[in-house]
Each structure stands twice: as C-alpha cells, then as structure tokens.
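Chain naming here is simple, since letters A, B, ... match the order of the sequence lines and numbering starts at 1 in each.
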There are 2 protein chains.
Amino acid sequence: MPDPKPQPAFVLIRPQMGENIGAAARAMWNFGLDRMRIIDPRDGWPNQKAVAMASGAGRLLDEAQLFDTTPAAIADCDFVYATTARPRGLTKPVFTPQAAMQDARARIAAGARVAVMFGPERAGMENDDIARANAIISVPVNPDFPSLNLAQCVLLTGYEWRREAAPVEPVRVDAVADWAEQIEIEKLASHFEERLETAGFFFPQAKAANMKMNLRNLWSRMPLTRADVQILHGVMRQMVRWKERG
Amino acid sequence: MPDPKPQPAFVLIRPQMGENIGAAARAMWNFGLDRMRIIDPRDGWPNQKAVAMASGAGRLLDEAQLFDTTPAAIADCDFVYATTARPRGLTKPVFTPQAAMQDARARIAAGARVAVMFGPERAGMENDDIARANAIISVPVNPDFPSLNLAQCVLLTGYEWRREAAPVEPVRVDAVADWAEQIEIEKLASHFEERLETAGFFFPQAKAANMKMNLRNLWSRMPLTRADVQILHGVMRQMVRWKERG
C-alpha cells in the first residue's frame, strides 16, 4: 500500500535530556513531520520532561518507535542520512540540508524509505553510526561557532523538507489586497493637484509643470490599495474642511 | 566608508526571557551574524540569564544596541522586515525567509541598511510595529502547528542569510534611487499625523488609533525616495499655510 503521507523518519540516537526530545518533536511537527524514532534514550521512556516540552506535538512522542540499536532503528530504510557538523575522515557524500531534502524527496517519490539520523547532544554522532549512513547532512554554519543543538538541527532539516515540499511563490503579496485601478490613481492625483493648485503649492510658475509631474509620478509609483486611495482622499478633504472652517 | 562585513541587523522587540535573548544571540552567530539590537527588554539590561545562555556568542550581547522604542531602533535603516506568522489585515509584501534574505542581500549590496524585527515571545509582534515594516517574513510552517519560538525564528532567518551567502549582483534596476531612511519616513508619518490631528481627521475617537495605524502603515509600505518625502512634506506644509492665510 502506498504511504499516504510519504516523509523521512527522524531518528534520535541516544538522546540525553527529555527536554531536547520534546523540542525535537515540536520542531518536526512545525514542518509537518511526525515519524520519530528514538534509540536508547538515556533517561528511559516514556519521559515526562519530553512530554512537557513537546506541548502540542505530544502525539509524536506517543507514536515514537523505540529501538535499542542503530542497526535496528534503520533496518527497514533504503537510504539514511547522518546529520553531523564534522565529517570525520569517512568518505561519504556530504549534502547541505537543502540538497539532502531534495534528494530525499526524489528517493521517497521513487518508493524508497528514508531516514535522517541525529546524534546525541554534546558528544555528537559516533563514527560507528556515521558509518551506517549513506550520506551526510552538514549545515553550513559559521566555522567559528558551529554549535547547533539537537532541536535546531531537526528544525533546519524539517524546514528544508517542507520548503522543498510546498514550493511557495518566492514573493507573494497579501492576497487580500484590493489594488487600486489606474483610474482611481488618476483621480487621486487630480484631486491633490487641484487642491494644491488652489493652495498655491505650484510655485514659482516656471517650476509648476515639473512639480506636477513629480507629484503625479509619485502616486503612480506607489503600490496603492483602494483603501490607501480612500485614506489619501480623506487626508486632503480634511485639510480643505479645516481651512474652510476658518 | 563601506561596511567591511555587510549584514542585516536583527532587532528583538521587547524580549521577555533572558534565556531567549541568549539563544537568539547563539542562533545569529551560528550563521555569522553579529549585529543585535534590543528594544526595551522586559527584565532590564544587562541580563545574566542571557549571558549564561549565549555562551560563545556573548560578544553579541556586549555589543548589542539598546533602544527604548521601535522607531529609534530602526531610524537609520533603509528597509525593514517584520517576522510574523500572522499578517493581520495590513497590506504588505510577504516574503519567505529565503526570498527575504535574497532581497536583503541585493539591497545591502546596493548600499542599503537593512533590519529584521522579531516580536516578543508569546504575545507576538504588535500591529503598531508591523506597520513600521516595509515587508513581512513569514516562515512556511505547518498550519496545524505554527508555533516557532524567538530563537528558532532567528535561526531560520540567519540560516537563509548564510545560505544565500554567495555574493549576488544587485538585481534591482532602482538600486541607484536615493531611498528615504526609516527616520525620514517616521518624521513624515508624524508630520501628517500631527497636522491631521489638528485638522480633526481622526474622528470618531474610537476609530482614531486604527486610522493612525493605517496611515502609518501606508507610508512605511511605500517605496519612497528622499525626494518623495520632501514632496509629501511640502504638500502638507502648503495646506497648512493655505489655511493660515485664512
């Protein structure tokens, strides 16, 4: 049966603090990932500190699969990535998170089962575990300060999974925007021009044409909504009313 | 003098817990960013919990610039992004973190000063602050679980900044324009607000705050040059002069 919601499993190797397991669950669920595997957690399982930290993503902990060893945890996987900042002399392909998640998506689309392994806090991943991975994911951090914690590493990987999953428009303008039409901009420009003419703004005469053009160009360059246009009409009307009240 | 290490400033608006300020400093420095600005931190400054959490990135806290208000913190900036998951009815361009950092890089390459604002924990950013931004950064999170904390938001933005680190040519044709700085937009907004207040524009009282926010948002959304700002000041000054001539 095809997986209804294909995604990589995230495998936490011997995590130490429950808080970090909970934070990792949150980070996964932030990006719609919910298949957590945990290898030999230091403080046993279940872990109340993990539950407390996971608030809102607790379901991932309830459904997490527990394993004693790395080989057991990845036994059913076709391709496994190890996230580690420091490839230590093992010859392996090294991916950025972006390239890795592109690669993972292609593999999963082709029917492969994929996992991403995350090492324990502090100690980092052991070479024995790295050796079991098919490829390495290395986050391009500041070489002077490469310390990412477990949940951050999960967050960035999950972010890249989703970024590749839901290709959004690079820039979208708020969908609710009700842009003004040209005729409305034209009327706005004319309104200001007439009132400013009356108010003696276009002075001296020799500069008037240029001043008018600059003002008109200003309005037409602005990304104005209908509401903006109404506000600006209101501004000018009010200044006139104020004047007329004397 | 050209900036030897051009980068966006990261502005923390009224952060609450010191730990989060420290974690944000770490997340910035993970990706080589070190210009932090802090607006009115709840627990004062310096903050020992921030220092403890920042370990290794403490220099950012030592060098952080403190401000009382949002306008003061972004006064010298040419372009400001607000990171918020929920654009609330304000019309603004919305960028993914990737698109925003591409945009920021191009602007910075063209000589602009850029800032990214992050709201307080829990409460999130206030509309008054969002209204001062030129654009919004929205992380494409799982809509069923969109809760990113402050340091995570900083981390993803910093990650995208560094991922885009390959130097790019400024792509915008209008890069040569002499864009108004935030302080100039702020002064323009205040000028209009004061005069319109006098003229009785903000009526009825119950709607005044919202009307002011919408007007302020209008100015900060517009791609205004210095010349535009001068024209708009001139418009308002002239309407006042006209009134005063009686």
What pair of heavy atoms forms the shortest contact from Trp161(B) to Met101(B), and how long is it?
N-CG, 3.5 Å
At their closest point, which heavy atom of Ser190(A) faces which heavy atom of Arg216(A), and how far apart are they?
OG-NH2, 3.6 Å
Scored by heavy-atom pairs under 4.5 Å with chain B, the best of Leu215(A), Thr96(A), Asn214(A), Leu196(A) is Leu196(A)
Can you tell which of Pro97(A), Pro223(A), Gly32(A), Gly246(A) has the highest number of heavy-atom pairs within less than 4.5 Å of chain B?
Pro223(A)
Examine whether an atom of Phe192(B) lies under 4.5 Å from a heavy atom of chain A, and if so say whether it belongs to the side chain, the backbone or both; otherwise answer neither.
side chain
Can you tell which part of Val240(B) gets under 4.5 Å to a heavy atom of chain A, answering side chain, backbone, both or neither?
both
Of the backbone (N, CA, C, O) and the side chain (C-beta and beyond), which part of [X] lies under 4.5 Å from a heavy atom of chain B, both, or neither?
X         : result
Thr198(A) : both
Ala57(A)  : both
Gln98(A)  : both
Arg237(A) : neither
Phe201(A) : both
Leu232(A) : side chain

Do the side chains of Arg35(A) and Glu63(A) get close enough for a salt bridge, i.e. N-O under 4.0 angstrom?
no
Arg107(B)/Asp103(B) salt bridge by N-O under 4.0 Å criterion:
yes
Hey, which of [options] has the most heavy atom pairs under 4.5 Å with chain A?
options                                    : value
Leu224(B), Leu33(B), Leu156(B), Asp144(B)  : Leu156(B)
Pro146(B), Ala135(B), Gly234(B), Gly158(B) : Gly234(B)
Ala151(B), Ser147(B), Pro143(B), Ala27(B)  : Ser147(B)

Can you tell which of Phe118(A), Trp29(A), Phe31(A) makes a ring pair (Phe, Tyr, Trp, His ring centres under 6.0 Å) with Phe10(A)?
Phe118(A)
Quick one: does any side-chain atom of Tyr81(B) pair with a main-chain N or O of Phe95(B) as donor and acceptor, under 3.5 Å?
no
Sub-3.5 Å donor-acceptor pair from the side chain of Arg26(A) to the main-chain atoms of Ser55(A), do we have one?
yes
Donor-acceptor side-chain pairing of Gln102(A) and Arg105(A) below 3.5 angstrom:
no
Going by atom types only, do Glu160(A) and Tyr159(B) share a side-chain donor-acceptor pair under 3.5 Å?
yes
